[in-house]
Q: 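Pasting a structure here, questions to come.
FYI, the numbering just counts along the sequence from 1. Note: hydrogens, waters and symmetry copies are ignored here, and every other heavy atom, side chains too, is used.
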Amino acid sequence: MFLKNNLGKGDIGRNDPCFCGSGKKYKKCCLIKMEKGQINQPSRVINRSRSFILGMVNACRLTRRTLEFLTPYVKVGVSTEKLNQLAHDFMVKHKAYPATLGYQGYPKSICTSVNEVICHGIPSERELVNGDIINIDVSCQLDGYYGDASVNLGVGEISANAKKLIEVTKECLNLGIKAVKGNSFIGNIGYAIENHAHKHGFSVVEEFVGHGIGRNFHEDPQVPHFGRQGGGVEILPGMIFTIEPMINQGNKELRILKDGWTAITADKKLSAQVEHTILVTNDGVRILTDEADDDPIF
Ligand code: MF3
Ligand code: CO
């Protein structure tokens, strides 16, 4: 989703009220505790009912299954509109609604972002050709709950550079997920991602962020893919959000096409993205869009 403000970058200011609700300034409260290593426990937990968890698990597993269903169709000669139709029919057949369809006027049931397209590529009659890389982003609404995930695939034989970009992007997502653990902050996620991308000479798109998700497609918190450790809001058990880094081969600048959606790299170099929806637990995370249908639900 679009970054609404500068949250990720500015983070919580030293003089802002502390996020823990103490009423003290951040610098006189949790910042000191953090610097002294005194915070080991999250300040609170978000309670989720069993029916809420069940709803999210089902929506996210169907999202994963939709992506798995689509993957074998991603071949030379298939149009992105064909992928859109396949995904649409699959979701509807499983009693889900494609969350993107009609979302703020978005016209299709998935996003297909090819090569220099960063995100929100609109499926069209354009056929995939050998060497393309494509991000397929699927968002399902099932029984009122949302799941959101995306994969990045190569079409036919792709260049070594393209392969590398996709690999590093997946590593960025995994490192971002790893940064979500007890006593962590949203800024730690972006820090881990940015660090890794830069290490490989790639850049991180800042205008689009991960997001809380639940009974709404997009909720707080915003999850920037850049940041600093200890910045942003505290990560609490019970939070559910996406991490969806967009990593560019060249620089991080983007342009939006006249359709109002398609974001492309300003330098027309490749961009890759992968996304998961995760649930923060008391002792770690569950990657809801990576769970198998027969994994335990509770
Ligand atoms: N995963 C993307 C997001 O959270 C999906 C965008 S859907 C669109 O922003 F409708 F906004 F294109
Ligand atoms: Co998303």
Q: Answer whether the closest heavy-atom distance between the side chains of Arg48 and Ile240 falls below 4.5 Å.
A: yes

Q: Any chance you could measure Asn188, atom CG, to Arg228, atom CZ, to the nearest 0.5 Å?
A: 9.5 Å

Q: Just checking, any donor-acceptor pair under 3.5 angstrom between side chains of Asn216 and Glu219?
A: yes

Q: What's the separation between atom CG in Leu279 and atom SG in Cys60, rounded to the nearest 0.5 Å?
A: 9.0 Å

Q: Mind checking the CG-OG spacing from Asp137 to Ser113? Nearest 0.5 Å is all I need.
A: 7.0 Å

Q: Pair Val76, Val129 - check side-chain contact (heavy atoms from CB on, under 4.5 Å), show working.
A: CA-CA 5 Å; Val76 172; Val129 299; 5.6 Å; no

Q: Identify the two heavy atoms, one from Thr277 and one from Gly147, that lie closest to each other, and give their separation to 0.1 Å.
A: OG1-C, 4.3 Å

Q: Let me check something: do Ile158 and Leu153 share a hydrophobic cluster, defined by ILVMFWY side-chain heavy atoms less than 4.5 Å apart, either directly or through other members?
A: no

Q: How long is the gap from CG on Leu86 to CG on Leu70, to the nearest 0.5 Å?
A: 6.5 Å

Q: Between the side chains of Thr281 and Asp283, is a donor N or O closer than 3.5 angstrom to an acceptor N or O?
A: yes

Q: So how far is it from Lys178 NZ to Ser184 OG, rounded to the nearest 0.5 Å?
A: 14.0 Å

Q: For Asp259 and His120: C-alpha separation, side-chain torsions, deciding distance, then whether side-chain contact (heavy atoms from CB on, under 4.5 Å) applies.
A: CA-CA 10 Å; Asp259 59 28; His120 301 169; over 6 Å; no

Q: Looking only at the side chains, is there a donor atom on one of Asn248 and Thr265 sitting less than 3.5 Å from an acceptor on the other?
A: no

Q: Any idea which heavy atoms bring Ile118 and Leu254 closest together, and the distance?
A: CD1-CB, 3.5 Å

Q: May I ask you to say whether Glu234 pairs ionically with Arg44, meaning some side-chain N is under 4.0 Å from a carboxylate O?
A: no

Q: Is there side-chain contact between Asp295 and Arg61, with at least one heavy-atom pair below 4.5 Å?
A: yes

Q: Could you walk me through whether Ile278 and Val180 satisfy the side-chain contact (heavy atoms from CB on, under 4.5 Å) test, starting with their C-alpha distance in whole Å, then the side-chain angles of each, then the deciding distance to 0.1 Å, before giving a yes or no?
A: CA-CA 10 Å; Ile278 67 169; Val180 179; 3.9 Å; yes

Q: Can you tell if the side chain of Pro123 reaches within under 4.5 Å of the side chain of Ile110, non-hydrogen atoms only?
A: yes

Q: Any Lys/Arg nitrogen of Arg286 or Glu291 sitting under 4.0 Å from an Asp/Glu carboxylate oxygen of the other?
A: yes

Q: Quick one: do Leu173 and Leu270 end up in the same hydrophobic cluster if we chain Ile, Leu, Val, Met, Phe, Trp and Tyr together by side-chain heavy atoms under 4.5 Å apart?
A: yes

Q: Would you say the side chain of Ile134 lies within less than 4.5 Å of the side chain of Leu128, judging by non-hydrogen atoms?
A: yes

Q: Quick one: are the ring centres of His196 and Phe202 less than 6.0 Å apart?
A: no

Q: Charged N to carboxylate O below 4.0 Å: is that the case for Lys252 and Glu206?
A: yes

Q: Are Val74 and Met91 connected, step by step, through hydrophobic side chains (Ile, Leu, Val, Met, Phe, Trp, Tyr) whose heavy atoms are closer than 4.5 Å?
A: yes

Q: Is the shortest distance from a Lys or Arg side-chain nitrogen in Glu68 or Arg64 to a carboxylate oxygen in the other one below 4.0 Å?
A: yes

Q: Go through the steps to decide whether Tyr103 and His218 satisfy the test ring-ring contact (aromatic ring centres under 6.0 Å, His included), and finish with yes or no.
A: CA-CA 11 Å; Tyr103 173 80; His218 294 117; 5.1 Å; yes

Q: What is the minimum heavy-atom distance between Ile287 and His276, and which atoms define it?
A: CG2-CG, 3.5 Å

Q: Determine, using ring centers only, whether Tyr191 and Phe226 are less than 6.0 Å apart.
A: no

Q: Quick check: do Glu157 and Asn130 have side-chain heavy atoms less than 4.5 Å from each other?
A: yes

Q: Please tell me if the side chains of Val45 and Asn282 come closer than 4.5 Å, counting only heavy atoms from C-beta onward.
A: yes

Q: Yes or no on side-chain contact (heavy atoms from CB on, under 4.5 Å) for Val223 and Ile189, after CA distance, side-chain angles and deciding distance?
A: CA-CA 8 Å; Val223 184; Ile189 299 171; 4.0 Å; yes

Q: Decide yes or no on side-chain hydrogen bond (donor to acceptor under 3.5 Å, both in side chains) for Asp148 and His211, but give the supporting numbers first.
A: CA-CA 10 Å; Asp148 194 358; His211 50 91; 3.0 Å; yes

Q: With the threshold set at 4.0 Å, does a side-chain nitrogen-carboxylate oxygen contact exist between Arg65 and Asp293?
A: yes

Q: Assess the side chains of Tyr146 and Arg215: does a donor N or O sit below 3.5 Å from an acceptor N or O?
A: no

Q: Heavy-atom distance under 4.5 Å between the side chains of Cys111 and Tyr106, does that happen here?
A: yes

Q: For the atom pair CD1 (Ile166) and CD (Gln273), what is the distance rounded to the nearest 0.5 Å?
A: 12.5 Å

Q: If the condition is ring-ring contact (aromatic ring centres under 6.0 Å, His included), which residues does Phe69 pass it with, not counting sequence neighbours?
A: Tyr73, Phe90

Q: Taking atom NZ of Lys82 as the centre, does the number of heavy atoms from other residues, nucleotides or ligands within less than 6.0 Å exceed 12?
A: no

Q: Can you name the nearest heavy-atom pair linking Glu244 to Thr242, along with the distance?
A: OE2-OG1, 2.9 Å

Q: Is there side-chain contact between Glu81 and Lys108, with at least one heavy-atom pair below 4.5 Å?
A: yes

Q: Testing the basics here: between Lys170 and Val274, what is the closest heavy-atom pair and its distance to 0.1 Å?
A: CA-CG2, 3.9 Å

Q: Step through the shown structure and confirm whether more than 12 heavy atoms of other residues, nucleotides or ligands are within 6.0 Å of CZ on Arg255.
A: no

Q: Where do Cys140 and Ala59 come nearest, in terms of heavy atoms and distance?
A: CB-O, 4.1 Å

Q: Leu165, Val168: one ILVMFWY side-chain cluster at the under-4.5 Å cut-off?
A: yes

